[in-house]
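Structure, as structure tokens:
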Amino acid sequence: MPKFYVTTSIPYVNARPHIGHALEFAQADVIARYRKLEGYETYLVTGTDENSLKNVLAAEKLGLDTGSFCERNSAAFRELVDKIGLSYDAFVRTSVDAGHGKVAEFLWKSCSDRGDIYKKKYRGLYCVGCELFYTEDELDNGLCPEHRSKPELVEEENYFFRLSRYQERLAKLLESGEMVITPASRLSEILNFINSGLSDFSISRSVKRSHGWGVPVPGDTSQIMYVWFDALGSYLTGAGFISNSGKFERLWPADMHVIGKGIVRFHAVYWPAMLLSAGIALPKSLFIHGYVTVGGQKMSKSIGNVVDPVLELDKYGADQLRYYLIKEISTFQDGDFSEKALGEVINNELVGNIGNFVNRTLTFIHSRLGGVIEEPRLEEGRLLVLRINGMVDDAKKLMDLGHLNLALLKVLEISSAGNKYFQENEPWKLLKEDDEAAREVLFVCANICRTLGILLNPFMPYASERLLGYLGEKPSGFDGAKKLVKKFEIGSTEILFDKVK
RNA sequence: AGCGAGGUAGGGUAGCCUGGAGUGCCCGCCGGGCUCAUAACCCGGAGAUCGGAGGUUCAAAUCCUUCCCUCGCUACCA
């Protein structure tokens, strides 16, 4: 059985999850569930990035110790992934997972042994209030944007990674497709960046500046690892690196990292360079999504338009929110979220189109045909079946290309075709004159319901399970959705989606 | 400033790579039909100089040039 190891990025826990995190979880999960249906042994890793100075500062503000602050906020992310139905196999918490520090340490040592880590004096503009370094661009008239104070020029020794050494190899492996970047537009972006020249980057902070929070640099008690070796290493930790070599052998390299557009550089440049240095195989692909705007604006605390996905999940349901995020937001571009649009999509597409087709088909068979439908002689229905099968092929192709939104649109098209067929053939009338003809219509519709149940499985796993359960069927690969099942026994059923008032 | 992404009917989106009648989808609007179904569904219709201007071509939303507008990133944002 081929394997498919996919990761989400691990979010910082210095704030609560927002709807954008939900988008990434939904996308990663749809991909994982699809691969699983297609026969892959899938493994999905998510988690939280907790070893950052921001967390220390945020905790201090709230008068908490950093550990409990991380605990609390990590729990909020775990609540989100659980409620949205993310089918994760491991949830890595970088500040508490016993094996994680060892992974980061091993990665560091491997790069160090290769001669890619060195100590250098670092000079920067440091704001004492923020306890952060700023670049000149980030300053407002030379002042800290937060504290309106003049930052001091601070000099400190840090460890650096020799990224410059990997410029050519990185360009080559991205150009050759050894590491695939989807969508391709991001590839040119990254190649431009690489070809404009790579500088070595800082990979540690003094214990003092990091408040002692994080993974210590091996062999130097005065330094703490900065985010890179720590957070990116979580992809190795989740796969059992060091802690479970059998599992790691099986899972690594990662087949896909699902990430947002803001962290492409770190995943397409820093990360592969670190792995090249450490002699570890590279991930096979990056899947890069856009961001969610709310009411047409970027989410921000100052605007006060940050959407809490857990509230939406509680109010509307996991399938519903997943459907909205996948279909309404273009997979590789930015898209907008609004509760109004969510309600409209639920009523018009889930209730009105898919739910209605399933419901009218199943209740008709149950109440008018005694709940049993068997394969009749197929006349015109055969043509529709062929057309639907073509759409299944289309959906599969779109899934393989990563166009999740278009694939879901295709599924909706199948449901529409079913509704249209039902309406045009008027089985409620046929039943009075030609029982056999009515049965043909319902037989085809029941099979379309099964097709929908399978195709919807990655997107809306809960509704899919219920629908397939009504039909006495199980999820399968997309090709299996083209099969005609000869006989269905339909009992009493309930509606799949509730209308939003 | 550099790099990137977008600009397709009132709104949203697909199509663009691999040119072939503005082709499709969702919402909204207008009209009709139907009644199996969560008063839903089905059909029909109005509505677009495919951001502007050039160019290549028998043919351009699609390729090229240029300009305008919006957004993102520019070294720890999902």
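Chain identifiers are assigned alphabetically (A, B, ...) following the order of the sequence lines, protein sequences preceding nucleic acid strands; residue numbering begins at 1 within each chain.
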May I ask which nucleotide in the shown strands pairs with [N], Watson-Crick or G-U wobble, both distances under 3.5 Å?
| N | result |
| --- | --- |
| B/A5 | B/U70 |
| B/G19 | none |
| B/C34 | none |
| B/A39 | none |
| B/A46 | none |
| B/U65 | B/A53 |

Within the structure shown, what part of the strands sits under 4.0 Å from [X] by heavy-atom distance: base, sugar-phosphate, or nothing?
| X | result |
| --- | --- |
| A/Phe193 | base |
| A/Glu424 | nothing |
| A/Val292 | base |
| A/Lys420 | sugar-phosphate |
| A/Phe364 | sugar-phosphate |
| A/Lys429 | sugar-phosphate |
| A/Leu406 | sugar-phosphate |
| A/Leu431 | nothing |
| A/Tyr270 | base |

Handout entry: Presence of A/Gln333 side-chain N/O under 4.0 Å of B/A14 phosphate oxygens OP1/OP2
Key =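 So the side chain of A/Gln333 is within the cut-off, an N or O lying under 4.0 Å from OP1 or OP2 of B/A14.
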Handout entry: base_contact_polar (B/A75 base, A/Ser199 side chain, donor-acceptor, <3.5 Å)
Key =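 In this structure, the two groups form a donor-acceptor pair.
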Handout entry: More than 12 heavy atoms of other groups within 6.0 Å of A/Glu494 CD
Key =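 No - once you tally the heavy atoms of other residues, nucleotides and ligands closer than 6.0 Å, there are 12 at most.
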Taking the same atom, [atom1], in [N] and in [M], what whole-Å distance lies between them?
| N | M | atom1 | value |
| --- | --- | --- | --- |
| B/A61 | B/G51 | P | 10 Å |
| B/A40 | B/C63 | C1' | 46 Å |
| B/G6 | B/U13 | C1' | 13 Å |
| B/C30 | B/C71 | C1' | 36 Å |

Parallel, tilted or perpendicular: rings of [Y] and [X] (30°, 60°):
| X | Y | result |
| --- | --- | --- |
| A/His18 | A/His21 | tilted |
| A/Tyr324 | A/Phe337 | perpendicular |
| A/Phe201 | A/Trp228 | perpendicular |

Problem - Given B/C27, B/C41, B/U38, the nucleotide with the shortest approach to the side chain of A/Asn348 - result: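 So the side chain of A/Asn348 is nearest to B/C27.
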Problem - Polar side chain donor-acceptor pair, A/Gln423 to A/Arg360, under 3.5 angstrom - result: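 Yes, because at least one side-chain N or O of A/Gln423 sits under 3.5 Å from a partner of the opposite role on A/Arg360.
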